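Any value given below was found using the heavy atoms of this structure, including those in side chains, with hydrogens, waters and symmetry copies removed. Computed from a predicted model, the values in this text were never measured in an experiment.
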Amino acid sequence: MQYQPYCKQEQIRMKTQKPIKKIIKASLFALLLTAGATYAQDTANKEPKYALSNAHSHNDYENDIPFQRAFQKGFGSIEADIFPINNELLVAHSKEHVNPEITLYGTYLKPAIAALQKDPKRKLHLLIDIKENYPVALATLIKQLEPHKNILQTSTHPGQLTITISGSRPKPKDYKNYPDYIYFDGEWPLQHTPEESKHVELVSFPFTNYSKWNGKGRLEHADYTRVKGLIDSVHAEGKKIRFWATPDTKSTWLALMNLHVDLIGTDAIESLGNFIKDLPKNIYINKEIHKTYQPTYQSDGKNGKIKNVILLIGDGMGLTQIYSAFTANQGQLNLFKMRNIGVSVTNAADTYITDSAAGGTAMAGGEKTNNRAIGVDSTEKPLKSLAVYAAEEGKKTAIISVGDLADATPAAFYAHQPDRSMEPQIAQDMHTSGINMFLGSGASNFKKKLNGTTAVELLEKKGYTVTYNFEDFKKSNADKLVGLVADNETRPKIEGRGEFLTEAFLKATQQLAKDPKGLFMMLEGAQIDYGGHRNNLSQVITENLDFDKVIGKALEFADNNGETLIVVTADHETGGLTLLDGDIQSGYVLGEFSTNDHTAVPVPVFAYGPHSDDFRGVYSNADIFKRLLKYIKK
Ligand code: ZN
Ligand code: MG
């Protein structure tokens, strides 16, 4: 069987749906660009707004591929040290390392001008650090630049290439002797005439003069105040600021960004480049805060009767996904109201890292199985699911997903097939399950002919009413009801899905909980996982918040009848998400993904209602089945 790194559903979506991601990206980039232009303003928002134009390749010539590595990565600023020798400008850190082959013109100016001419939208700042004898160096440089004047930035001509001279350089009173396109690294404090000021692009400072910070944790308060004061005064003069000799860590880059430093210097081009490039999709600022429900805890953790069992599975929902949603929702989450908490170890029978098939099967059928297996053990023997046990006990049963019904998680609760890719076969297992209600997308699998019939035909023969959109599903009171909604009705939240999951939960509880024997429901927040696979934090958080709204409704439902056990968990973590920054007050989160796949990290289990204390401890995902079965099977 061919290995598929992504969830089936995810692959289909990538192929068939126009990602709205583009729109979101565009608006975030607009934000970033605005921020770039107004860097001097101190915004109330805590989140860093940076583009690659702010990235500065420090001592760039020390890279294996000078200029190109940083330029191709999109850096807006590149630095070269030069020595004027024999009518040439040689690039090196010290004089004993000069090589007549490595000239400023050949290594930097020529390729930069050629690349900029090819891409008229691109801009570049070249910081030239003259190590000695600036009169000779500048005369040589001007001779080399003069033929390319039209591409050079001046105070009156917007050019693509800005040249700033640092190191050995003339006194401000002599700036006027140089062409407009020669900018200088300003001498602090700036005491310039307006004419001299036109020649100043930025001011550079050694960071170590202001702080001994090693780049771990945060800047000490006194250092922060000192550094911020300096940055603000440079900005007040209308100039850009750059520090050199900064620690080269993510925490430092973030601190400098939060302080609105204009050029972030680095020797780690790949890391800083990726860090800035990914900021738009790694940052989420929540604007839609949902109110949480306050549980009564009257039945929680007591030895009461259990009539209803509700299992809510957030696919790919690890603790970081949850905490990012908590931060985004400004410090409140229905999930965090649940007081009985455990840890589920999710590995599969044959692998350290589970997929949703083995993860779902362990919880539905009580045994760890191989990846890709749906409702069967590792010898392919069928495992009876919690939903089927519940149906046999006379309970009303529902399987709901905001993804495809033949996809692994819901399938593990009604089907028995050796491989998750056998979707038409999985669909055809549905009519044998005895489950009352199904809701999800992926209708095409149910319309495929297999042995001369389709899953829909089999379901209808068994007395199921099959509906094809959410409205019709909600209107039907049929005791055996299948909703195979159009795929766009389960589109991601960030693409405009409405309250599908909450409405589905309410419909199922209203219709099924009337039964004196109660109900069993498995409801899946399927797309937290897709956000993880896409490394899209906005998707992870919006799907998590959507799922949390259902959790609120479930808690309310449990309090209203007092005989409901709720378990909320995940099949695995997706994305290896970590959180690098955040602000609970403003709902800002900065995360970073370490993989586009599932990880082995155990996931939390939250329980509420009678006997919810049974779910404390650290246990196998298959134990969730065992603990729930006690309360389903009399
Ligand atoms: Zn997945
Ligand atoms: Mg799933």
Step-by-step salt bridge (Lys or Arg N to Asp or Glu O under 4.0 Å) determination, Glu220 to Lys212: CA-CA 9 Å; Glu220 269 178 47; Lys212 301 282 171 249; over 6 Å; no

Salt bridge or not for [X] and [Y], using N-O below 4.0 Å?
X: Asp64; Y: Arg69; answer: yes
X: Lys493; Y: Glu288; answer: no
X: Glu592; Y: Lys250; answer: yes
X: Asp623; Y: Lys626; answer: yes
X: Glu489; Y: Arg497; answer: no
X: Asp223; Y: Arg226; answer: yes
X: Arg420; Y: Asp355; answer: yes

Whether Phe326 and Phe336 hold their rings parallel, tilted or perpendicular, with breakpoints at 30° and 60°: tilted

Whether His598 and His572 hold their rings parallel, tilted or perpendicular, with breakpoints at 30° and 60°: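 Answer is parallel, since the angle falls under 30°.
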
Greater than 12 external heavy atoms within 6.0 Å of Lys553's NZ: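 No, because the 6.0 Å sphere around NZ of Lys553 holds 12 heavy atoms or fewer from other groups.
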
Any donor-acceptor pair under 3.5 Å from Asn371 side chain to Ile353 backbone: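 Present.
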
Within the 6.0 Å centroid threshold, strictly below: Trp244 and Phe207: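 Judged by ring-centre distance (under 6.0 Å), Trp244 and Phe207 do not meet the cut-off.
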
